[in-house]
Peer 1: 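Below is a structure I'd like to ask you about.
If you read the sequence from its start, that first residue is 1, and numbering goes on from there. As the structure is a prediction and not an experimental result, all values here were calculated from the model.
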Amino acid sequence: MQLLKIGALMLHIFEWGIAQALHIEDFKDERNGLLVNNSCRIGAEVYVITNTAIVACLSLLPKRTLRTNTWPINNFSKLDNEEHLTRFTVEGRSWKLLLYPSGNQTGRGRHLSLYLELEDHVDLTGGEKLYVECLLSITDQLSGNNHTRTIGSWFDSNNYCRGFNKFLSLTKLNNSNNGYRHEDTVFIVANLNEMFTLREIK
């Protein structure tokens, strides 16, 4: 079967061949052994190719802000550098914001680290994937000049946590002129703007 695309129309062609396989004079010339006593043999070798294509179903939600989650953190300077988290739900999916106030991994000691984790990632089975666009922000409580970074990533059962080891430097965070930590309170905001699911069809 061949696929022929004409504009937006996709045609399935079940017959295919060669219009000019052999010159007629060469075919009739008995010296070539193709036509003998006005008889010829025509054969065909058929190879069956296993279909290895993957068919998938894409479920797309309209592009809009699906959910805005605001996480106020009081007494920020008193937090230890263990993992701190808050939970929220968007379109039936459970999420976590993970915070390391003094940094994690490559950001440790110099940056605030912030991550988005799909908590019910174990429900993504059979090659199912979830694409998410999320804006993570720390609010500037004085001027509204928020510090924002964007996650645009696929989440699946093995890769379910995305974010930034170096989300915001501690120097900028603790600078009172910036307004990120005002009266020892920090506001972290997560805006999920886009989410769709990709499922393989068996």
Side-chain angles (χ1 to χ4, degrees), residues 58-125 127-198:
L58 184 65
S59 300
L60 178 63
L61 295 171
K63 188 171 179 62
R64 56 187 172 87
T65 300
L66 301 173
R67 169 70 184 270
T68 298
N69 185 77
T70 302
W71 181 16
I73 305 173
N74 301 315
N75 301 314
F76 188 86
S77 62
K78 297 180 181 179
L79 296 179
D80 56 30
N81 199 40
E82 298 300 317
E83 179 183 281
H84 300 269
L85 63 89
T86 186
R87 291 181 169 88
F88 59 99
T89 302
V90 179
E91 300 293 333
R93 297 286 186 184
S94 298
W95 298 90
K96 292 192 295 187
L97 283 178
L98 306 179
L99 167 70
Y100 291 83
S102 298
N104 182 43
Q105 298 181 12
T106 57
R108 192 174 186 89
R110 302 185 66 180
H111 292 79
L112 175 148
S113 299
L114 188 61
Y115 310 92
L116 176 69
E117 179 178 310
L118 179 61
E119 189 168 21
D120 54 0
H121 59 89
V122 293
D123 295 336
L124 296 177
T125 58
E128 184 178 8
K129 297 181 179 181
L130 185 68
Y131 181 85
V132 170
E133 180 186 279
C134 179
L135 274 63
L136 297 178
S137 303
I138 292 184
T139 303
D140 183 339
Q141 301 170 59
L142 299 180
S143 66
N145 187 24
N146 303 336
H147 178 79
T148 301
R149 299 188 68 176
T150 302
I151 295 174
S153 297
W154 288 97
F155 291 75
D156 57 35
S157 58
N158 296 316
N159 303 284
Y160 50 85
C161 187
R162 306 290 188 183
F164 307 95
N165 296 331
K166 300 178 180 180
F167 183 80
L168 177 65
S169 72
L170 297 181
T171 301
K172 292 182 178 180
L173 175 67
N174 295 320
N175 187 334
S176 59
N177 293 325
N178 292 329
Y180 298 132
R181 182 168 67 88
H182 182 60
E183 297 181 352
D184 208 21
T185 297
V186 172
F187 288 89
I188 296 177
V189 180
N191 285 318
L192 268 76
N193 294 332
E194 190 172 54
M195 185 167 67
F196 57 82
T197 304
L198 187 67

Peer 1: Return yes if some donor-acceptor pair links the side-chain N/O of His147 with the main-chain N/O of Leu173 below 3.5 Å, else return no.
Peer 2: no
Peer 1: Using 0.5 Å steps for rounding, measure from the NE2 atom of His84 to the CD1 atom of Ile188.
Peer 2: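 These two atoms lie 10.5 Å from each other.
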Peer 1: Any heavy-atom pair between the side chains of Met195 and Glu91 that's under 4.5 Å?
Peer 2: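 Yes; the side chains approach each other to less than 4.5 Å.
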Peer 1: Look up atom CD1 in Ile73 and atom OG1 in Thr86, then write down how far apart they are to the nearest 0.5 Å.
Peer 2: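 The CD1 atom of Ile73 sits 8.5 Å away from the OG1 atom of Thr86.
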Peer 1: With side chain to side chain contact (heavy atoms under 4.5 Å, CB included) as the test, pick out the partner of Asn69 among Leu97, Thr89, Val90.
Peer 2: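 Only one of Leu97, Thr89, Val90 forms a side chain to side chain contact (heavy atoms under 4.5 Å, CB included) with Asn69, namely Leu97.
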Peer 1: Go through the steps to decide whether Arg108 and Asn81 satisfy the test side chain to side chain contact (heavy atoms under 4.5 Å, CB included), and finish with yes or no.
Peer 2: CA-CA 9 Å; Arg108 192 174 186 89; Asn81 199 40; 3.4 Å; yes
Peer 1: Quick check on side chain to side chain donor-acceptor pair (under 3.5 Å): which of Asn191, Thr70, Thr150, Thr148 does Ser137 satisfy it with?
Peer 2: Thr148
Peer 1: Let me confirm one number: the CG-OG distance from Asp120 to Ser157, rounded to the nearest 0.5 Å.
Peer 2: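 It is 12.0 Å, given to the nearest 0.5 Å.
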Peer 1: Give the C-alpha distance, both sets of side-chain angles, the deciding distance and a yes or no for side chain to side chain contact (heavy atoms under 4.5 Å, CB included) between Trp71 and Val189.
Peer 2: CA-CA 6 Å; Trp71 181 16; Val189 180; over 6 Å; no
Peer 1: Below 4.5 Å, heavy atoms only, C-beta onward: do Leu136 and Arg162 meet side chain to side chain?
Peer 2: no
Peer 1: Has Lys96 got more than 12 heavy atoms of other residues, nucleotides or ligands less than 6.0 Å from its NZ?
Peer 2: yes
Peer 1: Evaluate the side-chain proximity of Phe164 to Leu114: yes if any heavy-atom separation is below 4.5 Å, no if none is.
Peer 2: no
Peer 1: Please name the pair of heavy atoms, one in Gln141 and one in Val186, separated by the smallest distance, quoted to 0.1 Å.
Peer 2: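 Nearest heavy atoms, Gln141 then Val186: NE2-CA, 4.1 Å.
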Peer 1: Looking only at heavy atoms, which two atoms of Ile151 and Gly163 are closest? And how far apart?
Peer 2: CD1-CA, 4.0 Å
Peer 1: Considering all heavy atoms of both residues, which atom of Arg181 and which atom of Ser77 are nearest to each other, and what is their separation?
Peer 2: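 Heavy atoms only, the tightest pair is NH1-CB, 4.0 Å.
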Peer 1: Start with the C-alpha distance between His111 and Phe167, add both sets of side-chain angles, then the distance that settles side chain to side chain contact (heavy atoms under 4.5 Å, CB included), and finish with yes or no.
Peer 2: CA-CA 7 Å; His111 292 79; Phe167 183 80; over 6 Å; no
Peer 1: Measuring from Arg87:CZ to Glu119:CD, what's the distance to the nearest 0.5 Å?
Peer 2: 4.5 Å
Peer 1: Enumerate donor-acceptor pairs with a distance under 3.5 Å from any side-chain N or O in residues 98-106 to protein atoms, sequence neighbours excluded.
Peer 2:
| residue | atom | partner | partner atom | Å |
| --- | --- | --- | --- | --- |
| Tyr100 | OH | Glu83 | OE1 | 3.1 |
| Asn104 | ND2 | Tyr115 | OH | 3.1 |
| Thr106 | OG1 | Asn165 | ND2 | 3.2 |

Peer 1: Could you tell me whether the side chain of His182 reaches within less than 4.5 Å of the side chain of Thr139, counting heavy atoms only?
Peer 2: no
Peer 1: Would you find a donor on one side and an acceptor on the other, under 3.5 Å apart, between the side chain of Asp80 and the backbone of Glu82?
Peer 2: yes
Peer 1: How long is the span from the CG atom in Asn193 to the CG atom in Leu135, to the nearest 0.5 Å?
Peer 2: 5.5 Å
Peer 1: Looking at every heavy atom in both Pro72 and Phe187, which two are closest together, and how far apart are they?
Peer 2: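 Pro72 and Phe187 have their closest heavy atoms at CB-CE2, 3.4 Å.
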Peer 1: Does some side-chain heavy atom of Leu112 sit less than 4.5 Å from a side-chain heavy atom of Tyr180?
Peer 2: no
Peer 1: Looking only at non-hydrogen atoms, find the nearest pair between Val132 and Phe155 and report the distance.
Peer 2: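 Heavy atoms of Val132 and Phe155 come nearest at CB-CE1, 3.9 Å.
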Peer 1: Excluding sequence neighbours, so at least two apart, what forms side chain to side chain donor-acceptor pair (under 3.5 Å) with Ser143?
Peer 2: Asp140
Peer 1: State, with a plain yes or no, whether a side-chain heavy atom of Asp156 is found less than 4.5 Å away from one of Trp154.
Peer 2: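 Asp156 vs Trp154: side chains apart.
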Peer 1: Using 0.5 Å steps for rounding, measure from the CZ atom of Arg149 to the NZ atom of Lys166.
Peer 2: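 Rounded to the nearest 0.5 Å, the CZ-NZ separation comes out at 10.0 Å.
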Peer 1: For Leu118 versus Ser94, what's the shortest heavy-atom pair and its separation?
Peer 2: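 Reported closest heavy-atom pair: CD1-O, 3.6 Å.
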